Undergrad: 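Here it is, the structure, as structure tokens.
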Amino acid sequence: MDLSRAGAPHVASSHRQASDVPTPDAPALAGGLDLPYLVYGTLRPGGSNAALVERHGGVHAGSLTLGGYAMYEAPAGYPYIVPRSTAGAITLDVLVPPAGAGAQESLRADLDTLEGFEVGGRLNHYERVAVSFPDPATGSVRWGWLYVAGPGALIDGLAQIESGDWFAR
């Protein structure tokens, strides 16, 4: 599903402004364990960290293109994305967490650790933000989690991945 022409998604964060997409209130960072994660790099199927998803029982459930972000390649071999109103689009996969609360908590903890995210952290490499997006399976607008570059990410001087697709760089 191509969202690059549908306008920017609603992001519940200081990083972005709300779009014209009507959405319910954003989930709290401590909640939303059953919400999907929107992954764009090493967690995508075929990526070097995709096994982490499978180990927890998560399932990849479709792909989409999301406008309003720029993607950059970090020297350590993973991407950062940054909200940009003038940016193109990025390719994402929807990761549906497992059904059980314990498995959801374990997946969340491992994803946050992998992404260098801590709630309230001042130098996070990534921030976990809630975004609304049209679900590629149903077309309905729903909330999901997206990791964007945080204050600990050094973006200046990094090469932008113009295609917005980590695997096509």
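For reference, positions follow the sequence shown, starting with 1. Please read all numbers here as calculations on a predicted model, not as lab measurements.
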Undergrad: Should Arg108 and Asp34 count as an ion pair when the cut-off is N to O under 4.0 Å?
TA: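 So Arg108 does not pair with Asp34 through a salt bridge.
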Undergrad: Indicate the atoms forming the closest heavy-atom contact of Pro136 with Ser63, along with that distance.
TA: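 Taking every non-hydrogen atom into account, CB-O, 3.6 Å.
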Undergrad: Report yes or no: does Ser106 contribute a side-chain atom to a donor-acceptor pair with the main-chain N or O of Gly102 at less than 3.5 Å?
TA: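 Not a single qualifying donor-acceptor pair exists.
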Undergrad: Let me confirm one number: the CG-CG distance from Leu114 to Asn49, rounded to the nearest 0.5 Å.
TA: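 Here the rounded value is 4.5 Å.
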Undergrad: Would you name the heavy atoms of Pro79 and Met71 that are closest together and state the gap between them?
TA: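 So the minimum-distance heavy-atom pair works out to CB-CG, 4.0 Å.
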Undergrad: For the residue pair Gly139 and Pro134, what are the closest heavy atoms and their distance?
TA: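 Gly139 and Pro134 have their closest heavy atoms at O-CB, 4.1 Å.
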Undergrad: Under 3.5 Å, is there a donor-acceptor pair between the Tyr37 and Arg128 side chains?
TA: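 No - no donor-acceptor pair under 3.5 Å links their side chains.
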Undergrad: With distance as the sole test, does Trp145 use its side chain to make a donor-acceptor pair with the main-chain N or O of Val131 at under 3.5 Å?
TA: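 The answer is no, because no donor-acceptor pair under 3.5 Å joins these two groups.
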Undergrad: Are more than 12 heavy atoms from other residues, nucleotides or ligands located less than 6.0 Å from atom CD1 of Ile155?
TA: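 Yes, enclosed.
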Undergrad: Would you give the length of the straight line joining atom CZ of Phe167 to atom OG1 of Thr42, rounded to the nearest 0.5 angstrom?
TA: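 Going from the CZ atom of Phe167 to the OG1 atom of Thr42 covers 8.0 Å.
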Undergrad: Quick one: does His60's side chain have a donor or acceptor within less than 3.5 Å of a partner on Val53's backbone?
TA: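 Pair absent, no side-chain N/O of His60 close to backbone of Val53.
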Undergrad: Counting distance only, does the side-chain N/O of Asp93 pair as donor-acceptor with the main-chain N or O of Val39 below 3.5 Å?
TA: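 Checking the backbone N and O of Val39 against the side chain of Asp93, no donor-acceptor pair under 3.5 Å is found.
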Undergrad: With heavy-atom distances below 4.5 Å as the criterion, would you say the side chains of Leu111 and Leu43 are in contact?
TA: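 Side chain of Leu111 against side chain of Leu43, heavy atoms only: contact under 4.5 Å found.
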Undergrad: In sequence, state the C-alpha distance, the side-chain angles, and the governing distance for Leu33 and Leu107, and then conclude on side-chain contact (heavy atoms from CB on, under 4.5 Å).
TA: CA-CA 9 Å; Leu33 288 169; Leu107 174 63; over 6 Å; no
Undergrad: So which heavy atom on Ala103 is nearest to which on His56, and how close?
TA: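 Smallest interatomic distance, heavy atoms only, reads CB-O, 4.0 Å.
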Undergrad: For residues Tyr80 and Tyr126, establish whether the separation of their ring centroids is below 6.0 Å.
TA: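 Yes; Tyr126 has its ring centre under 6.0 Å from that of Tyr80.
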Undergrad: Looking just at side-chain N and O atoms, do Asp112 and Tyr147 make a donor-acceptor pair shorter than 3.5 Å?
TA: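 There is such a pair between these side chains.
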Undergrad: Is there a side-chain contact between Arg44 and Asp165 (heavy atoms, below 4.5 Å)?
TA: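 Yes, side chains in contact.
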Undergrad: Is there a side-chain contact between Val82 and Tyr69 (heavy atoms, below 4.5 Å)?
TA: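 Counting from C-beta outward, Val82 and Tyr69 never come under 4.5 Å.
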Undergrad: Does a sphere of radius 6.0 Å around NE2 in His125 hold more than 12 heavy atoms from other residues, nucleotides or ligands, not counting ones at 6.0 Å or beyond?
TA: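 Count not over threshold, so no.
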Undergrad: Quiz question: by atom type and distance under 3.5 Å, do the side chains of Ser140 and Asp135 form a donor-acceptor pair?
TA: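 No, because no side-chain N or O of Ser140 sits under 3.5 Å from a partner of the opposite role on Asp135.
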Undergrad: Could you give me the CA-CA distance, side-chain angles and deciding distance for Trp166 and Ile81, then say whether side-chain contact (heavy atoms from CB on, under 4.5 Å) is met?
TA: CA-CA 10 Å; Trp166 177 245; Ile81 61 169; over 6 Å; no
Undergrad: Might you point out which heavy atoms bring Ile161 and Tyr72 nearest each other, and give the distance in Å?
TA: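 Between these two residues, the closest heavy atoms are CD1-C, 4.1 Å.
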Undergrad: When you compare the side chain of Val94 with that of Phe133, does any pair of heavy atoms fall below 4.5 Å?
TA: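 Yes; the side chains approach each other to less than 4.5 Å.
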Undergrad: Rounded to the nearest 0.5 Å, what separation is found between the CZ atom of Arg169 and the OG atom of Ser163?
TA: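 Between atom CZ of Arg169 and atom OG of Ser163 there are 9.5 Å.
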Undergrad: Any heavy-atom pair between the side chains of Val59 and Glu54 that's under 4.5 Å?
TA: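 Side chain of Glu54 against side chain of Val59, heavy atoms only: no contact under 4.5 Å found.
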Undergrad: State the CG-CD1 distance between Leu64 and Ile90, to the nearest 0.5 angstrom.
TA: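 These two atoms lie 8.5 Å from each other.
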Undergrad: Can you find a pair of side-chain heavy atoms, one from Glu73 and one from Leu158, that are under 4.5 Å apart?
TA: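 They are not in side-chain contact.
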Undergrad: Would the distance check show the side chain of Gln104 and the main-chain N or O of Pro98 forming a donor-acceptor pair, the cut-off being under 3.5 Å?
TA: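 Yes, the answer is positive, given that a donor and an acceptor are paired below the 3.5 Å cut-off.
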